[in-house]
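None of the values given here were measured: they were computed from a predicted structure. Atoms within a ligand are numbered from 1 in the order they appear, just like the ligands themselves.
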Amino acid sequence: MDGANRSYRIRQVGLIDPFGRAISYLRVSVTDRCDFRCVYCMAEDMTFLPKRDLLTLEELDRVCSVFVDRGVRKLRITGGEPLVRRDIMTLFRSLSRHLANGALDELTVTTNGSQLARHAAELVDCGVCRVNVSLDTLDPDKFRAITRWGDIGKVMAGIDAAQAAGLKVKINTVALKGVNEDEIEALIEWAHGRGLGLTLIEVMPLGEIETHRADQFLPLSAVRARLMERYTLEDSPERTGGPARYVRIKETGGLLGFITPLTHNFCESCNRVRLTCTGKLYMCLGQEDAADLRTPLRLSESNEGLERAIEDAIARKPKGHDFVIDRRRAQPAVGRHMSVTGG
Ligand code: SAM
């Protein structure tokens with residue numbers, strides 16, 4: 001098939017992987033840097049990428065726009081901490097044109113909330129309707145211990161500002177054995193009391209950290225069983241385009257999500273790929289294989305080479321991850337930290 005016919009064919013069928021899954025969701029890590037150092041996410045002493053290796057905001061826009069052209073309907077901006085990247089609102093602003101013309105259903109962001117107070121109103125102005133804020137505890141001292149130097153007051157101010165600006169806020173909480181496992185009910189009551197959804201996430205074995213993953217891992221199957229002793233959990237058809245599965249808690253009226261990469265693998269319905277800030281495309285969060293999009297991006301002003309590189313990458317999207325956390329295994333499933341590929 002010659003080049004012209006090939007790209008015509010792709011435009012017709014969108015991006016479909018070898019297992020018949022349509023790729024409709026792109027997560028974009030715009031920086032590997034973060035103003036927190038969560039103990040399960042990063043090592044204390046991280047080496048960050050030199051700024052010259054990063055795609056510019058214009059380049060990020062170009063790659064995202066090619067994906068939108070190819071049928072991606074949802075973009076999530078993440079990191080590192082996306083809101084610490086200089087001029088990041090320029091990217092939101094430019095991507096918002098795809099919302100305005102109907103090519104994109106949703107532009108959203110995952111943030112630690114520390115910078116949300118100053119960006120919330122502008123995010124709304126750029127068409128962002130929903131944000132995910134990561135928060136693992138309500139206790140200021142525990143918060144500082146988990147994040148190594150975060151200030152919970154700033155996060156709470158960010159959540160207040162987001163709600164005041166009209167953003168729908170979902171809280172993401174990584175369930176950590178012996179750290180916040182006694183706080184899950186309090187987090188549910190707090191979040192639902194404020195009209196926020198809450199999603200619990202199992203810790204994943206990504207990157208070397210100081211602690212053995214088995215010491216952090218809290219299976220959500222056990223948390224769910226415990227919650228059922230206190231609450232009525234009703235399965236909900238709610239879907240947000242990602243891996244979370246939801247229940248409504250009858251007593252609070254709020255939604256509780258579960259992201260269970262370890263106890264219940266959700267790869268069969270995976271619709272996602274992930275772009276890093278240096279232009280690497282990861283087809284699976286839990287595998288090492290990645291495609292270099294920066295080279296074709298910079299090689300030509302035409303998008304043809306970039307489109308071909310994306311097509312070739314999707315053609316080798318693996319069936320799923322092989323996450324295992326047990327005492328005998330010291331190595332992480334993949335060498336990179338979550339901050340590289342984004343949450
Ligand atoms: N800085 C932003 C934030 O805090 O949401 C975006 C990036 S952060 C890497 C995205 C999400 O990944 C956060 O909810 C974080 O708690 C979660 N996360 C980080 N490392 C993880 C791990 N090893 N397993 C499970 N979740 C992890």
Show which atoms of ligand 1 fall inside a sub-4.0 Å distance from at least one heavy-atom site of [X].
{"X": "Val203", "value": "24 (N), 25 (C)"}
{"X": "Thr78", "value": "6 (C), 7 (C)"}
{"X": "Glu202", "value": "25 (C)"}
{"X": "Arg213", "value": "23 (N)"}
{"X": "Met204", "value": "22 (C), 23 (N), 24 (N), 25 (C)"}

Protein contact to atom 10 (C) of ligand 1 [nearest heavy atom, distance to 0.1 Å]: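 Protein heavy atom at minimum distance: Gly343 CA, 3.5 Å.
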salt_bridge(Glu106, Lys168) N-O dist < 4.0 Å: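 Lys168 and Glu106: not salt-bridged.
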Side chain, backbone, both or neither: His337 near ligand 1, heavy atoms under 4.0 Å: neither
Residues Asn112 and Ser114: side-chain donor-acceptor under 3.5 angstrom: yes
Arg97 versus Ser65, side-chain donor and acceptor atoms under 3.5 Å: yes
Geometric cation-pi criterion Arg336 and Tyr282, 6.0 Å radius, 45° cone: yes
Cation-pi, Phe266 ring and Arg245 (6.0 angstrom, 45 degrees): no
Shortest heavy-atom approach to atom 6 (C) of ligand 1 - which of Gly80, Cys34, Ser134: Gly80
Option set Val84, Val155, Leu206, Val174, criterion heavy-atom distance to atom 26 (N) of ligand 1, minimum: Val174
